[in-house]
Protein chains: 2
Amino acid sequence: MGTKERRQRQFAEREQLFLDTARELIRENGLLSLQMSRVAEKGEYAVGTLYQHFASKEDLLLALTTASSHEHLALFERVARWNASPRDRMFAIGVADKIFVQRNPEHFRIAQYALCEVVWRAASPERRQELIDAGDPIADIVVGIVNAAVAAGDLDLNGMSPEQLTIGTWALVNGTHNLVHAEGVLEDFDVREPYRLMCRHLQLLLNGYGWRPLADPADDQALDKLIDRIKDEVFHDLCCEK
Amino acid sequence: MGTKERRQRQFAEREQLFLDTARELIRENGLLSLQMSRVAEKGEYAVGTLYQHFASKEDLLLALTTASSHEHLALFERVARWNASPRDRMFAIGVADKIFVQRNPEHFRIAQYALCEVVWRAASPERRQELIDAGDPIADIVVGIVNAAVAAGDLDLNGMSPEQLTIGTWALVNGTHNLVHAEGVLEDFDVREPYRLMCRHLQLLLNGYGWRPLADPADDQALDKLIDRIKDEVFHDLCCEK
DNA sequence: ACTGAAAATTGAATCCGATTCAAAATCCGC
DNA sequence: GCGGATTTTGAATCGGATTCAATTTTCAGT
């Protein structure tokens, strides 16, 4: 009597297929030319079937964003499980973020669009809730590390809540992502290593919170060693690049 | 023989009318339900006439963003002309930004959407260039103040260029704007005074660059006095709020 | 004031792609 | 193998952006 279960499984598999197909089409042709009929065609189903899964194009876009967020969370969870000092884990969050961007190069373009009023409002409440729910545990992990850092005496929040610090750094990180992924605007604009700049500014922010400096900024070797250690201990199976 | 000139003037006036009308419709009904036919109707022209001005809906959205950016620039130019220390002028930039947001409450929602790949790519190259050009002088003013601050010994860039510092702070400011203006996502999320948080983080950043603290953070009165002075000397005709 | 070519304006018709839904195909317990 | 339930299909519909032929207005020349 496993019929129902099999059907559910097949349904879930097909949803994944559609998500992968859409992502591939976006990667190939850009978000602008994404068409529901093409997603269906490339997935080798009729449009009606695609609409069994996603009530609208907007729902599909939110679902894509949510799926990426789950991958994002999975990376952060490795860090949360990593048995290391808050200082090292906070740095590992940065490494995780970088790996996430590498593995989901289109995520921020899609997310930026999906969160715009026009797309957000057009999507169904259920999909919106899913996306909200996907973000919470990601923030929770960062807040947890901040709390651990405070407990370890690495950080002095000076009356501010861990959530506030997290939101503030999120604003910086997200602003940088948007800057980097802004389509075209910056074509002729020399943004030199914006992520390195972001790291520096994060460091300055954290220093402002009494964070013990991670490493002597001039000591690149110590930094590289830490990054290698994180890649080795936390993301060993994901870091193919040398 | 001023016929041509008059026609050009009338054309420009009508363009302004359409922009105002569109902004009003967005304020009333949201970006999602903006329709070209409604803009034309509310402006009391036929759609064809609207299309004389804007090649597409996307062009209209970029034009709206560009127009707001010009207002943004006008506020910053007051600061640039203000005869005060770099430190005070940098603070005045913050005040200018706040006034801008108050006077253009829908700007960031529109801009966030306009810069998404989908809208950006669909717009005409001319409109895109206009928007890019509108942003440059805004950044230049901030860079100029940063340079003045370095010259005055208020700021130690430590090898970083003023442009880089400006981009980094832009990422923080813009990330905060996006956070605050994100539609709906944060409905049930307690973002306590995100702008105050941003100011604090900006302060920390600038401190990290050796910026002499603006004021004793505990000395609210000195801060309020400075803000009052800025409103009085720079924005006297705009600050209606008590 | 009148005329006709040029410029501006109009809005009905077109187009495109998202979405629907009645029909056809498939599944599954008997 | 049957028949009702479920799933899939894709042609038809729909909504809104965009076009463009027809109409109206403008205005220099008379």
Side-chain angles (χ1 to χ4, degrees), chain A residues 1-15 17-18 21-22 25-26 29-64 113-114 116-124 126-127, chain B residues 1-15 17-18 21-22 25-26 29-64 113-114 116-124 126-127:
Chain A
M1 184 41 76
T3 303
K4 202 168 187 178
E5 286 70 16
R6 175 172 49 73
R7 282 198 174 162
Q8 283 185 338
R9 183 161 33 78
Q10 287 177 342
F11 191 82
E13 276 167 14
R14 201 172 52 189
E15 183 145 326
L17 167 73
F18 281 138
T21 305
L25 281 173
I26 291 171
N29 310 322
L31 204 46
L32 176 58
S33 46
L34 185 72
Q35 286 173 220
M36 293 302 267
S37 53
R38 297 233 190 113
V39 175
E41 189 187 18
K42 185 159 189 183
E44 300 185 322
Y45 282 94
V47 270
T49 308
L50 180 55
Y51 275 88
Q52 291 283 322
H53 292 264
F54 309 100
S56 65
K57 190 177 177 179
E58 286 78 12
D59 272 23
L60 172 60
L61 289 169
L62 290 217
L64 272 175
Y113 184 53
C116 281
E117 179 183 347
V118 170
V119 178
W120 183 261
R121 282 217 191 170
S124 65
E126 294 76 28
R127 291 289 178 185
Chain B
M1 185 42 78
T3 304
K4 203 168 185 175
E5 286 70 14
R6 176 172 49 73
R7 281 198 174 162
Q8 284 185 337
R9 185 161 32 79
Q10 287 177 340
F11 192 81
E13 275 167 15
R14 200 172 52 190
E15 183 142 327
L17 167 72
F18 281 139
T21 305
L25 280 173
I26 291 170
N29 310 322
L31 202 47
L32 176 57
S33 47
L34 185 73
Q35 285 174 223
M36 293 302 265
S37 54
R38 297 232 189 115
V39 174
E41 190 187 16
K42 184 159 189 182
E44 300 186 323
Y45 283 94
V47 271
T49 308
L50 180 56
Y51 275 88
Q52 291 284 322
H53 292 266
F54 309 100
S56 64
K57 188 176 176 178
E58 286 78 13
D59 272 23
L60 172 60
L61 288 169
L62 290 216
L64 271 176
Y113 185 54
C116 281
E117 178 183 348
V118 171
V119 177
W120 181 260
R121 284 215 189 170
S124 66
E126 295 75 27
R127 292 288 179 185

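- Residues from residues 44-54 of chain A lying near DNA chain D, meaning a heavy-atom separation below 4.0 Å, are A:Tyr45, A:Ala46, A:Val47, A:Gly48, A:Thr49, A:Gln52 in numerical order.
- Enclosure of atom CD in B:Glu41 is not indicated, since only 12 or fewer non-hydrogen atoms of other residues, nucleotides or ligands lie within 6.0 angstrom.
- Within the nucleic acid shown, B:Arg6 comes within 4.0 Å of sugar-phosphate atoms alone, with no base atom in reach, counting heavy atoms only.
- Each end of the helix from C:dA1-D:dT30 to C:dC30-D:dG1 gets its own rotation axis from five pairs of C1' atoms, and the angle between them is 0° to the nearest 10 degrees.
- B:Glu44 CD: 12 or fewer foreign heavy atoms inside a 6.0 Å radius.
- Between the side chain of B:Glu117 and the main chain of A:Leu31, a donor-acceptor pair closer than 3.5 Å is present.
- When heavy atoms are screened at a 4.0 angstrom cut-off, A:Leu60 is found touching no nucleic acid atom at all.
- Atoms NZ (A:Lys57) and C1' (C:dA18) sit 8 Å apart, rounded to a whole Å.
- The phosphate of C:dA8 (OP1 or OP2) has no side-chain N or O of B:Arg14 nearer than 4.0 angstrom.
- Among the heavy atoms of the strands lying under 4.0 Å from B:Glu58 are primed sugar atoms or P, OP1, OP2 only; no base atom is included.
- Every residue two or more places apart in sequence or in another chain that forms a ring-ring contact (aromatic ring centres under 6.0 Å, His included) with A:Phe18 is listed here: A:Tyr45, A:His53.
- Atom CD in B:Glu41 sits roughly 14 Å away from atom C1' in C:dT10 (whole-Å rounding).
- Separation of atoms CZ (A:Arg7) and CZ (A:Arg14) is listed at 11.0 Å; rounding is to 0.5 Å.
- Interatomic distance, A:Thr49 OG1 to A:Phe54 CZ, rounded to the nearest 0.5 Å: 12.0 Å.
- Under the 4.5 Å side-chain criterion, counting only non-hydrogen atoms from C-beta, B:Val118 is not in contact with A:Leu34.
- Taken from CD in B:Glu15 to CG in B:Leu50, the straight-line distance is 9.5 Å, to the nearest 0.5 Å.
- The separation between B:Gln35 atom CD and D:dT18 atom P is 12 Å, rounded to whole Å.
- Between B:Ser56 and B:Arg7, the residue anchored nearer the 5' end of DNA chain D, judged by the nucleotide with its closest heavy atom, is B:Ser56.
- Atoms CZ (A:Phe18) and P (D:dT7) sit 14 Å apart, rounded to a whole Å.
- Put simply, CG on B:Leu32 is 11 Å from P on D:dA17, counting in whole angstrom units.
- A:Glu58 and A:Ala122 get closest at one heavy-atom pair: CG-CB, 3.5 Å.
- Taking atom CG of B:Leu34 as the reference point, atom C1' of D:dA17 lies 12 Å away to the nearest angstrom.
- Between the P atom of C:dG17 and the CG atom of A:Asn29 lies a distance of 13 Å, rounded to the nearest Å.
- For A:Met36 and C:dT19, the CE to P distance is 6 Å, given to the nearest whole Å.
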